[in-house]
Amino acid sequence: MSAATSAAPAEARHPVRRVAVIGAGTIGASWAAHFLAHGLDVVVSDPAPGAAAHTQHLIEGAWPVLQALGTVKGDPKGWRFEPDPVKAVEGVDFVQENAPERYEVKRKLLPLIDGVLPKEVVIASSSSGLLVTRFSEGCRFPERCVIGHPFNPPHLIPLVEVVGGKHASRAAIEAAMAFYKAIGKRPIEIRKEVTGHVANRLQAALWREAIYLVQEGVASVEDIDAAVTEGPGLRWALMGPHMTFNLGGGQGGLAHFMDHLLPAVETWWADLGTPKMTEALQHKLVEGVNAEAGGRSMTELAHWRDKLLTDILTLRAAAAVDAEAEAADARLDEALEETFPASDPVSVTRQPPEEDIEGDPSAER
């Protein structure tokens, strides 16, 4: 059984071998699948009737994608179900909480599990927009509570937003960051607590303008979606907005981009709108996405999305391996240059010996 070892300060450092997933909806079950695939012991808790069977169904649905990514080390059935969250967290090394997105629910749940856990065990909430400071105040040790917000589906999307708020200790934040990184995630630290964190705020800003454009009759729902997926969305899978515009500035980078295009962009900002979400507009949006779906079911859409996301992630992983190999070659070249400066004839290279020392092997000797 593999273990994800945190790189937190000494007082909080411990190997994470057993994880409790509290709340087994779509997000919780996806987390469970990801943890299982990385060889961790997983216990799942949810009070809903049929939660165990539903969780198993979702895990099995995620498993082919995880296998395609080459990350599977565990067994999709190698987890335990415990409906009582207090019993579920006994003996665990990390808690991923996925209760409903309501302060009153989390304020009741977190003190219960906090009351039976050792002080060093991190409780991470998957909350997509709530402030951890507000729902951790009733805990004995609020300093161990953080936001660990994934992007849906967690077993596939690398991003995890880690937020400490006003109470979380540096040790807890670093332990969470290290744990997520150890299981293949790309954690980012949100340094200032804001509603919606970062990624959801960015999504909300874009969606607000997309809805406004529908409201104003500028384009159809389908064409507005295409404006993203067939344009900037392709670039955003590789570079964020700052790096995208840095590249757009040519050799002068972002500074050149802002010098030449910022005035135009500022006029666009000034013209962005705030839609009025009337019942008629909501109905128009629903009709638009139904037309765009073209009769495909939610399951079919999810499978199509996950297949293409898997392909993108596989390509990015291969590119990262190639980049590391190139970087290693560059480091070796630098080492050779230091050992054998250009002013001296280089007699050792990485070429086969018969070409390096003896010269052309086809030549007469």
Side-chain angles (χ1 to χ4, degrees), residues 23-31 33 48 50 54 57-58 61-62 64-65 98-102 105 126-130 149-159 161 194-241 244 264-265 267-313:
T26 301
I27 298 298
S30 181
W31 266 126
H54 181 65
H57 174 73
L58 292 178
V65 172
N98 315 279
E101 190 80 350
R102 298 197 298 272
V105 174
S126 294
S127 173
S128 59
L130 303 182
H149 172 237
F151 242 51
N152 191 34
H155 68 273
L156 188 54
I157 303 296
L159 179 68
E161 296 175 308
V194 291
T195 301
H197 318 318
V198 169
N200 272 335
R201 291 175 71 97
L202 294 172
Q203 281 198 134
L206 177 62
W207 194 35
R208 180 175 68 179
E209 182 60 20
I211 293 173
Y212 179 74
L213 294 172
V214 172
Q215 174 186 282
E216 297 301 300
V218 174
S220 69
V221 169
E222 183 173 1
D223 284 349
I224 290 169
D225 279 0
V228 175
T229 61
E230 305 303 313
L234 291 172
R235 299 189 304 203
W236 291 338
L238 309 173
M239 297 177 177
T244 293
V265 173
T267 65
W268 304 342
W269 287 341
D271 197 52
L272 295 179
T274 300
K276 296 180 180 179
M277 293 298 288
T278 63
E279 185 175 341
L281 178 56
Q282 293 178 52
H283 182 67
K284 189 174 184 179
L285 294 173
V286 172
E287 284 187 330
V289 294
N290 287 339
E292 184 178 350
R296 290 174 292 176
S297 69
M298 293 298 184
T299 300
E300 290 172 325
L301 287 169
H303 285 168
W304 176 81
R305 176 202 64 189
D306 292 353
K307 170 63 171 64
L308 293 183
L309 281 174
T310 302
D311 291 343
I312 291 171
L313 291 171

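The chain is numbered in sequence order, starting from 1.
Taken to the nearest 0.5 Å, the CG atom of Leu156 stands 9.5 Å off from the CD1 atom of Ile312. For the atom pair NZ (Lys276) and OH (Tyr212), the distance works out to 10.0 Å, reported to the nearest 0.5 Å. For the atom pair Thr299 OG1 and His303 NE2, the distance stands at 6.0 Å (nearest 0.5 Å). A distance of 10.0 Å separates CD1 of Ile27 from CD of Glu101, quoted to the nearest 0.5 Å. Taken from CG in Leu301 to CE in Met298, the straight-line distance is 7.0 Å, to the nearest 0.5 Å. Distance check, rounded to the nearest 0.5 Å: OG1 of Thr310 to CZ of Arg305 gives 10.0 Å.
For the pair Asn98 and Ser126, the tightest heavy-atom approach, listed with the atom from each and the gap, is OD1-OG, 2.5 Å. Closest heavy-atom contact between Ile157 and Asn152: CG1-O, 3.6 Å. Contact between Leu130 and Ser127 at its shortest, heavy atoms only, is N-OG, 2.9 Å.
For the pair Glu161 (side chain) and Val198 (backbone), a donor-acceptor distance under 3.5 Å is present. Side-chain atoms of Glu209 never come within 3.5 Å of backbone atoms of Leu272 as a donor-acceptor pair (strictly under, hydrogens ignored). Using modelled atom types, one side-chain atom of Arg296 and one backbone atom of Ala293 make a donor-acceptor pair closer than 3.5 Å. No donor-acceptor distance shorter than 3.5 angstrom exists from the side chain of Glu222 to the backbone of Ala291, with no hydrogens or angles considered. Side-chain N or O atoms of Asp306 include none that pairs as donor or acceptor with a backbone N or O of Val65 at under 3.5 Å. Here the side chain of Arg201 pairs a donor or acceptor atom with the backbone of Thr195 at under 3.5 angstrom.
Under the salt bridge (charged side-chain N to carboxylate O under 4.0 Å, His left out) criterion, Asp311 pairs with Lys307, not counting sequence neighbours. Not counting sequence neighbours, the partners of His149 by the ring-ring contact (aromatic ring centres under 6.0 Å, His included) test are Phe151, His197.
Here the side chains of Ser30 and Leu58 are not in contact, with every heavy-atom distance at 4.5 Å or above.
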Step-by-step side-chain contact (heavy atoms from CB on, under 4.5 Å) determination, Ile224 to Glu292:
CA-CA 11 Å; Ile224 290 169; Glu292 184 178 350; over 6 Å; no
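Shown here is Trp207, whose CH2 atom has no more than 12 heavy atoms of other residues, nucleotides or ligands within 6.0 Å. In the displayed structure, Glu279 atom CD is contacted under 6.0 Å by at most 12 heavy atoms of other residues, nucleotides or ligands.
Side chains of Asn290 and Glu287: no donor on one and acceptor on the other come within 3.5 Å.
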